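Notes to accompany the following structure.
We count ligands from 1, going down the list as the structure has it; atoms in each ligand are counted the same way. The shown structure was predicted, so the numbers you read here are calculated from the model rather than taken from an experiment.
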Amino acid sequence: MSSDPAGAIAAAGLDPERIPRHVAVIMDGNGRWAKKRLMNRVLGHEQGMETVREIVRASREIGISVLTLYAFSTENWARPKAEVMALMTLLRRFLKSERQEMVQNHIRLNAIGQTERLPKDVRDSLDETKGLTAENQGMVLNLSLSYGGRTEITEMVQSIARKAAKGEIDPETITEETVADHLYTKGMPDPDLMIRTSGEMRISNFLLWQLAYAEFFITETLWPDFTKEEYYDILKAYGRRERRFGKVLR
Ligand code: FPP
């Protein structure tokens, strides 16, 4: 892989001034992809993992700073046990197989969510990959694992309230920055762009605070069919959007 973002941006026909810093993705449609082929849902997730590889590389190539992927939600624990176990196995496989490439490409792995709920072998793989990539400065691959936006907000309130009760924080001085600093995404820029595959017009408890001003792009493409080309087309369309942040610009 080339480590020349400017060259890759030009080759892709993207506007270098309009590359989002943080892209968040709801990777939906693995089950439908498998069903269409009369295959087990798990095979849809396996194919989805290939798309993850492609989109991680494509993001790194053009110099995205943070890529957040919604890999497993708090609600996903309620899926059939066999599917949950298969997803955990895939996750562990991914963390092992991609480790070397992450190191080579200066990608830092991070996870957000109630990762303590993950099986021990997955947590171990996660910790190992996080440890090995901790110093990398190229891109943060931020996996949402056992993640729920309302849980994140609830935990943030608990931790601020705890500090207030101990007298460490004066409630009158709490600002939006205080809130942001107590979320899982502390220190990261908010997503500029949120992509959801497979056509659903929902936020599904994803980054409820952080997506306040993100541009949304929803594609009918099922996640396993999503490609680098379509990703870059969305980035081109993002570059043409006018972001007003609630203001009048002209
Ligand atoms: C949604 O499709 C997808 C998920 C719940 C899991 C996402 C997992 C992957 C893309 C593969 C593994 C990921 C990593 C990072 C290794 P769905 O099952 O809800 O699809 P459906 O709505 O068509 O049923």
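Residue contact check: Asn76 has heavy atoms under 4.0 Å from atoms 5 (C) of ligand 1. In the vicinity of Trp223, heavy-atom distances shorter than 4.0 Å reach the ligand 1 atoms 10 (C). Those atoms of ligand 1 with a heavy atom of Ala71 less than 4.0 angstrom away are 6 (C), 7 (C), 8 (C). Contact atoms of ligand 1 toward Gly31: 17 (P), 18 (O), 20 (O), 21 (P), 23 (O), 24 (O) (distance under 4.0 Å to a heavy atom of the residue).
Residue, atom and distance of the protein heavy atom nearest to atom 10 (C) of ligand 1 are Asn30 ND2, 3.4 Å. Of all protein heavy atoms, the one lying nearest to atom 4 (C) of ligand 1 is His45 CE1, 4.0 Å. Of the protein's non-hydrogen atoms, the one nearest atom 22 (O) of ligand 1 is Arg32 NH2, 2.8 Å. The shortest contact between atom 13 (C) of ligand 1 and any protein heavy atom is with Val52 CG2, 4.2 Å.
Ligand 1 lies out of reach of Ser198, whose nearest heavy atom is not under 4.0 Å from it.
Salt bridge annotation for Glu200-Arg32: present, with a cationic side-chain nitrogen under 4.0 angstrom from a carboxylate oxygen. Here Glu54 does not pair with Lys228 in a salt bridge; the nearest charged N to carboxylate O distance is not below 4.0 Å. Between Lys96 and Glu128 there is no salt bridge, since no side-chain N of the basic residue sits under 4.0 Å from a carboxylate O of the acidic one. With salt bridges taken as basic N to acidic carboxylate O contacts below 4.0 Å, one links Lys120 and Asp124.
When heavy-atom distances to ligand 1 are checked against a 4.0 Å cut-off, Arg41 comes that close only through its side chain, counted from C-beta outward.
No hydrogens or angles considered: nothing links the side chains of Ser65 and His22 as a donor-acceptor pair under 3.5 Å. Under the 3.5 Å distance criterion, with hydrogens and angles disregarded, a donor-acceptor pair is assigned to the side chains of Thr129 and Arg99.
Ring geometry for Tyr147 versus Tyr70: interplanar angle over 60°, hence perpendicular rather than tilted (30 to 60°).
In terms of polar-atom proximity, defined here as any N/O pair under 3.5 Å, Tyr70 makes no such contact with ligand 1.
For atom 17 (P) of ligand 1, the nearest non-hydrogen atom from the set Arg79, Met27, Arg53 comes from Arg79.
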